[in-house]
Amino acid sequence: MLNKQQIEFYDVNGYVIPNFQLSEDIINEISDHCDRLLIKNPEFKDFCPNVLKYDVGFLNFARNPKILDMVEQLIGPNFALWNSSLFAKPARNGLETPWHQDGEFWPIRPLATCTVWIAIDEANKQNGCLRIIRGSHKNRKLRKHNTVNDNKFTLHQVLDPNEYNEVDAVDLELKRGQISLHDVYLLHGSKANESSKSRRGMTLRYMPTTSVFDRRVANELHENLGVVNHSERSLFLMRGIDESNLNDFRLRL
């Protein structure tokens with residue numbers, strides 16, 4: 001569980017690294033799932049936007065009760081898992097993830113999500129750990145992004161350089177099995193991995209059920225911005241009830 005100081009830190013800074021580490025057995029199991037996924041789907045060598053589409057076994061890790069306890073502390077007792085992604089970032093040629101806000105791509109209204117980032121490998125400055133702009137979530141607004149079709153990036157919607165100052169960046173270095181949690185409005189990215197060690201990370205995306213996962217908006221974002229089409233995502237109620245009474249929890253694996 002997060003203590004009072006950690007919850008306050010999350011509110012002020014937009015992220016927190018709790019005093020928590022998954023066991024080596026669990027991390028090995030996640031790693032094995034990732035290896036199988038990449039063997040079958042080598043096109044995901046840098047990024048897989050929806051691992052549950054290819055292996056529902058990843059859902060077991062999203063149900064970890066200790067992780068759910070921390071998410072509940074941050075977004076309330078009623079929440080759903082709407083996505084899980086893999087950022088594979090292999091050794092020596094792992095792609096850069098440009099500065100962005102997650103909410104630029106997501107069909108959640110009102111926009112609200114807590115992302116859990118799991119370090120499958122040790123994540124450090126050398127192999128391209130997550131970087132954030134502390135406190136950049138506070139105004140609860142989406143900032144200007146530009147479309148950049150550059151094959152050195154994992155994403156093509158890139159934060160306008162006038163929207164941030166990179167000297168304010170903080171590196172979130174994590175040991176294997178550690179996690180971080182961050183807010184949907186937080187500015188973040190990661191550098192390319194040119195080291196000899198891989199930097200795999202798995203994300204779990206949880207939304208409060210006061211929000212609605214709008215499949216119509218998902219199609220519009222896909223058509224207008226060319227981003228991944230989230231309209232076919234499966235929603236999984238993790239805890240509590242659907243407060244909106246509008247979410248569609250039918251299975252779409």
I'd like to check [X] versus [Y] (side-chain heavy atoms, cut-off strictly below 4.5 Å). Are they in contact?
X     : Y      : value
Gln73 : Ile7   : yes
Met70 : Ile179 : yes
Pro98 : Leu159 : no

Counting distance only, does the side-chain N/O of Asp46 pair as donor-acceptor with the main-chain N or O of Gly94 below 3.5 Å?
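Answer holds: no.
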Excluding sequence neighbours, so at least two apart, what forms side-chain hydrogen bond (donor to acceptor under 3.5 Å, both in side chains) with [X]?
X      : answer
Asn247 : Asp242, Ser244
Gln157 : Thr147
Gln21  : none
Arg92  : none

Through direct or indirect side-chain contacts below 4.5 angstrom among Ile, Leu, Val, Met, Phe, Trp and Tyr, which residues connect to Phe153?
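Same cluster as Phe153: Val148, Val158.
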Check which hydrophobic residues are tied to Ile39 through side-chain heavy-atom contacts below 4.5 Å, counting indirect links as well, and list them.
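ILVMFWY cluster around Ile39 holds nothing else.
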Can you pull out every ring pair (Phe, Tyr, Trp, His ring centres under 6.0 Å) where at least one residue sits in residues 160-195? Sequence neighbours excluded, please.
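For residues 160-195, and leaving out neighbouring residues, the ring pair (Phe, Tyr, Trp, His ring centres under 6.0 Å) pairs sorted by first residue read Trp99-Tyr164, His100-His188, His182-His188.
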Testing the basics here: between [X] and [Y], what is the closest heavy-atom pair and its distance to 0.1 Å?
X      : Y      : result
Ala123 : Cys129 : C-CB, 3.8 Å
Ser136 : Leu187 : OG-N, 2.9 Å
Cys34  : Leu86  : SG-CD1, 3.7 Å

Filter on salt bridge (charged side-chain N to carboxylate O under 4.0 Å, His left out), then keep only pairs touching [range], sequence neighbours left out; what's left?
range            : result
residues 216-225 : Asp214-Arg216, Arg216-Glu220
residues 153-165 : Lys144-Asp160
residues 188-208 : Asp35-Arg200, Asp102-Arg205, Asp121-Arg200
residues 166-183 : Glu24-Arg176, Arg131-Glu166, Arg131-Asp171, Arg140-Asp183

Do the side-chain N and O atoms of Asn93 and Asn193 include a donor-acceptor pair separated by under 3.5 angstrom?
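No donor-acceptor contact under 3.5 Å links the two side chains.
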Decide whether Asn229 and Ser231 meet the rule of one side-chain donor and one side-chain acceptor closer than 3.5 Å.
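On atom types as modelled, these side chains qualify, holding a pair under 3.5 Å.
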Under the ring pair (Phe, Tyr, Trp, His ring centres under 6.0 Å) test, residues paired with Phe47 that sit two or more places apart:
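Ring pair (Phe, Tyr, Trp, His ring centres under 6.0 Å) check on Phe47 returns Phe87.
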